[in-house]
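Data block below; observations after.
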Amino acid sequence: MTSLFLLLVLPLGTALHAALLAPIVRRFPSLTGVFLTFLFVAGAGSLLPQATGGAFVHWSIPWVEALEIDLALRLTPFTAWFGFLVLFLGGCVHLFACTYFAGDIRLPALLTLLGLFTAAMLGVLWSDNFYLLFLFWEGTSLLSFLLVGFHHETDQSRRKASQALLVTMLGGAALLAGMVLLHQQTGTASLSELLGLVDFAPGTAAVILIMVGAMTKSAQWPFHFWLPNAMVGPTPVSAYLHSATMVKAGVFLLATLAPVLARHPAWTPTLVTAGLLTVASSLVRGLGADDLKTLLACTTLAALGFLTALAGLGTPAALLAFVIYLTAHALYKAPLFLAAGNLEKRFGTRRLSELGGVARHLPMTGLVVLLSTLSLIGVFPLPGFLGKEYLLKAAWKASPALAFLLALAAAGVLAIGFRILFALAFPGSRPAEEVPRGMTVATLLPALGALAVVVAIAVDPQLLAPAAVSLGSTGPVELTFWHGWTAPLFLGLGAIALALVLTRLLTVLPAIPDGPIFDRAFDALIGLLRRTASRCARLLSDGKLVTHLVIILACVGVLSLLSLDLHLWSTLPLTWRGDLFIFLGLIPLLIIATLIAARSESTVAILVSLGFVGFLIALIFLWFSAPDLALTQLMAETLILFLLAGALAKAERRDSSAPGRLRLIVAGLGGLLTTALILKAMTLEWDHPVSDFHLRQSKPAAFGANVVNVILVDFRAIDTFGEIIVLAIAAMGANAALGAARKRAPLPSAEYSPLLTTGSRLLLYFLIPAILWIFWRGHNAPGGGFIAALLAAAGIGMSLLASRPRYTPAFMRKMSHRFLVVGLALATLASLMPLAAGRPFLTGLWLHFGGLHLGSPLLFDLGVFFAVLGFSMNYLRHFHQRTP
Amino acid sequence: MELLVAATIGLLVAAGLYRLLGGCRVDLIIGLILLSQAANLVILASGGLKSNAAPLVGRGQSLETLADPLPQALVLTAIVIGFGILAFLLTLLIRSSK
């Protein structure tokens, strides 16, 4: 099992090697090529014993157990055989790439991508877990995007690569959905367990989704258009993508799941139809084409169509045919693509009409082209012959009509093969010399592999039997070249004859115009998507804050409107208490101040009205039994006014405003909705378990009578701790945004009132004991660290306004930083002290001196005091310097 | 009484929204001040409004009659954090109008 894991890591290792040792790779490309090829071919060879008779291997370690995602690998003779092809052809492609890109600075990048791609493909083949398979599957999509778009400097390359990515990723999403459905239905995410289910009827949605996923990957109709476009990638990439990897992942999955999913009635008709349509559309495009790579891509499409049809049939005979057809195709398609690369390198063109008779001038490449094209056409005894023979045999067994249709379709593909053969082998003559040896060897290797397979099958007809059996084939599984004068043989011969006639006709008839309707439809779809998206974006985002705000507010409003239960309103406790009249005096003032704050344009009016609003709200707090809030609010309001005065004086006037009517409507609706929501909240009767706990435990557990302060510094001290940290961060943010104080010039001396200067000093003497007193009493009466700190800051602000010489910018800066640090340190100390005593974080530790209780919460409150003071001073100094 | 308080908060919210949509940065800050005042009142009001019932225990009042201390603790931190946010916003205002 270790060897399987090692083989999966091998291409990753070569990728890493190419990436890390890029200079060496660039310096010695051919040496690298030989080395990598040796590794890959050796790895492939180590799989052969498994492929031709080994037992099933299963290896699994848990990964995300809650989602049943395991790192599970499975090796059957078929996946071993497929892995052999991937690694073997991977070796050839690496060798070819190293020669083809010798001297190119991007060779290491290409090798890295190729290595990763190989690993992803092997992962797809060997994963036993649905989700692991999906990850590798997406990996192949992503890496093939990077490989196809390798020449990303051209626009066309980018466009076609992203088309391939979009189509295959769309299919990937469908595949994932289908796998989740299968997982839900069967309760297992393991592929081998799924295949072991005997009487399981797969759900329609799952089957359709999985088919869509595999069909996009294998470029089946109607998703076939991306594959011919993907040829913009470098030649070695095309050779690899088309022969053993990427597009084969789709048909691999179909064939693997066929024994189970073919039980669904939609499976066979859909896949056989899609396969035939793919062959047909490949012929429409391929019969008239002149570009060698396009021709080859169209034959790939056709082969994938046949393979899909075979997987669709899913019968034992079809699966046997699948194995041999897949092998044959991989072994002739790779050398053909590589040979096309050789020809292009040597003659500078890929046009068939300009490459007449070149085979004779490149003896080795020519031989490979001859051999591989003959295999494509299916000439005895090449692997292609076996593939075609067993394909027709399996189809004949299922339905003679289908076999007839397949033979007809095959004739078209064979005609393409004949065109390539005739054009390259016979007429014309061009002088040329052989291409670099590495490329020739790389082209020759897979062709030799094809011959080796033929010999091996001739020696041992059971060679691929284990692979076919492990895929689900039963009955006679040996491969023989001669079955007597059977119908499939005649069909095959007929196809060859028809293909010859077709080839003859093609030279006479005008070429069918190349009509990439699907390509254009895809572009139109993507264009539509883009336009819709940009229209939506323009509609929702016109770059104005007001628009965003209105949209957000409207959404919040609609959501809260939905939560209003109007029938609850009858229980609203409307009370008319005696103190209402006192209250009535306060509300009109608040309304007037609010209206002025909302409407006024003058800075002074805004400041005064905002101050009024704040102070009146402090009175409301006081009225409704919240003295701590009232004190905090008073202090905060004072400081806010101080800061606002500094900031607003310089700010600019309006630039863009919402239409007046819209403003009024939004504001009015918002106000009404808030009122309704508050009334609704008041109608609800709920328990207060948390509040009751705090009220009950405040005195016995935390030795404090002021429950609000006890909550802040003891029960919920961790929230307060977080809060002072936020304040410290905000202080640092201001320093970053406004710069250090000492860099700025000192303030110009202004006229200051002597009354204020003297008065503020007097006031400060009274303030210090008051601050100490408020801090100290906080635990038992309204007061505490927050309020004391804000009071101290207000006093300092006052002194700043009075321009006391002591409060220089440098002093303020130094003190504010010290206070922040001391505050955070004290709070941290108070929260860590209990740990030393073996108690949980932030537990209160207490010392009792008769009626006096000293504890770590008091220390914590002191930390809060210093942190808030430091924070406030930091802002005071910034804003004071901006007061004109 | 409750109706009056709720209507007052509604007015504060309306004033805040009106300012918020004013379009310039000063409007934004004033709107946020008004909205945060309103939000503090909403939290306090949602815990129930009681007079002469400050949550100070051990003064002979039974615990059931005292005001809910939890919203008060929340609002207290909200006032301080609101102050912090406002200060930071003003920093950005100054920075952007340079």
Side-chain angles (χ1 to χ4, degrees), chain A residues 546 549 575 577 580 587 590-591 594 597-598 606 610 617 624-629 632-633 636 640 643 647-648 650-652 654-658 663 666-668 670-672 674-675 678-679 681-682 688 690-691 694-695 698-699 705-708 711-712 723 727 730 733-734 737-738 786 875, chain B residues 1-4 6-15 17-27 30 33-34 37 41-42 44-46 49-58 63 66-70 72-73 75-77 79-81 83-84 86-88 90-95 97:
Chain A
V546 170
L549 280 175
T575 49
R577 289 201 288 261
L580 180 71
I587 293 294
L590 184 59
I591 291 172
T594 309
I606 290 174
L610 276 182
I617 287 175
F624 289 117
S625 320
D628 283 279
L629 294 192
T632 316
Q633 171 86 1
I640 285 174
L643 301 190
L648 291 195
K650 271 193 168 178
E652 95 290 23
R654 64 191 64 261
D655 33 46
S656 73
S657 153
R663 271 175 89 181
V666 172
L672 283 178
T674 313
T675 308
I678 294 167
L679 289 176
M682 287 173 169
H688 309 86
V690 180
S691 306
H694 288 154
L695 283 170
S698 179
K699 197 80 183 171
N706 183 0
V707 186
V708 176
I711 290 174
L712 286 177
E723 188 186 355
L727 288 181
L738 297 176
F786 274 116
Y875 273 98
Chain B
M1 185 80 125
E2 279 79 6
L3 201 61
L4 204 58
T8 311
I9 300 173
L11 181 73
L12 274 172
V13 168
L17 290 180
Y18 187 79
R19 264 295 179 192
L20 208 58
L21 296 178
C24 85
R25 279 169 278 205
V26 176
D27 282 335
I30 298 168
I33 293 177
L34 289 170
Q37 305 274 29
L41 279 177
V42 168
L44 190 73
S46 65
L49 297 171
K50 290 178 185 170
S51 303
N52 292 322
L56 302 170
V57 291
L63 296 182
L66 291 184
D68 193 345
L70 203 58
Q72 296 197 16
V75 172
L76 203 149
T77 49
I79 292 173
V80 179
I81 277 284
F83 170 54
L86 178 73
F88 192 67
L90 288 173
T91 312
L92 296 181
L93 176 78
I94 289 176
R95 181 82 198 158
S97 56

Do A/T632 side-chain atoms and B/L76 backbone N/O form a donor-acceptor pair below 3.5 Å?
-> no
Over all atoms of both residues, closest heavy-atom pair of A/I606 and B/I30 = CG2-CD1, 3.4 Å
What heavy-atom pair brings A/T675 and B/G10 nearest, and what distance separates the two atoms?
-> OG1-CA, 3.4 Å
With only heavy atoms counted, which part of B/L34 is less than 4.5 Å from chain A, the side chain, the backbone, both or neither?
-> side chain
Measure the spacing between CG of A/L712 and CD of B/Q72 and express it to the nearest 0.5 Å.
-> 10.5 Å
Taking every non-hydrogen atom, the tightest pair across B/P69 and A/V708 = O-CG2, 4.1 Å
Pick from A/A730, A/G668, A/A626 with the largest number of heavy-atom pairs that fall under 4.5 Å of chain B = A/A626
Heavy-atom distance under 4.5 Å to chain A: side chain of B/T8, backbone, both or neither?
-> side chain
Tell me, out of B/L41, B/L66, B/L90, who's got the most heavy-atom pairs with chain A below 4.5 Å.
-> B/L90
Is it the backbone or the side chain of A/V707 that comes under 4.5 Å from a heavy atom of chain B, or both, or neither?
-> both
Just give me the residue among B/A45, B/A7, B/P55 that pairs up with chain A most often, heavy atom to heavy atom, under 4.5 Å.
-> B/P55
Can you name the nearest heavy-atom pair linking A/A681 to B/S46, along with the distance?
-> CB-CB, 4.4 Å
Interface residue of largest heavy-atom contact number with chain A, from B/V42, B/L56, B/V75, B/N52, under 4.5 Å = B/L56
Please test B/D68 against A/L695 for side chain to side chain contact (heavy atoms under 4.5 Å, CB included), starting from the C-alpha separation and ending with a verdict.
-> CA-CA 8 Å; B/D68 193 345; A/L695 283 170; 6.0 Å; no
Which one, A/I711, A/L672, A/L590, leads in non-hydrogen pairs under 4.5 Å with chain B?
-> A/I711
Who wins among B/L70, B/V57, B/I81 for the most heavy-atom pairs under 4.5 Å with chain A?
-> B/V57
Work out which heavy atom in A/A636 is nearest to a heavy atom in B/I79; give both atom names and the distance.
-> CB-CG2, 3.7 Å
Sort A/L629 into side chain, backbone, both or neither according to what part of it lies under 4.5 angstrom from a heavy atom of chain B.
-> both
Measure distances from B/L44 to the heavy atoms of chain A and classify the residue's part below 4.5 Å as side chain, backbone, both or neither.
-> side chain
Minimal non-hydrogen separation, B/T91 against A/A737, with atom names = CG2-CB, 3.8 Å
Applying a strict 4.5 Å limit to non-hydrogen atoms, the region of B/I33 in contact with chain A is side chain
Side chain / backbone / both / neither for A/S625 at chain B, heavy atoms under 4.5 Å | both
When you measure from the side chain of A/Q633 to the backbone N and O of B/Q37, does any donor-acceptor pair fall under 3.5 Å?
-> no
Is there a side-chain contact between A/L727 and B/F83 (heavy atoms, below 4.5 Å)?
-> no
Given the rule in the side chain to side chain contact (heavy atoms under 4.5 Å, CB included) test, do B/L86 and A/L643 qualify, once you have shown the distances and angles that lead to the verdict?
-> CA-CA 9 Å; B/L86 178 73; A/L643 301 190; 5.8 Å; no
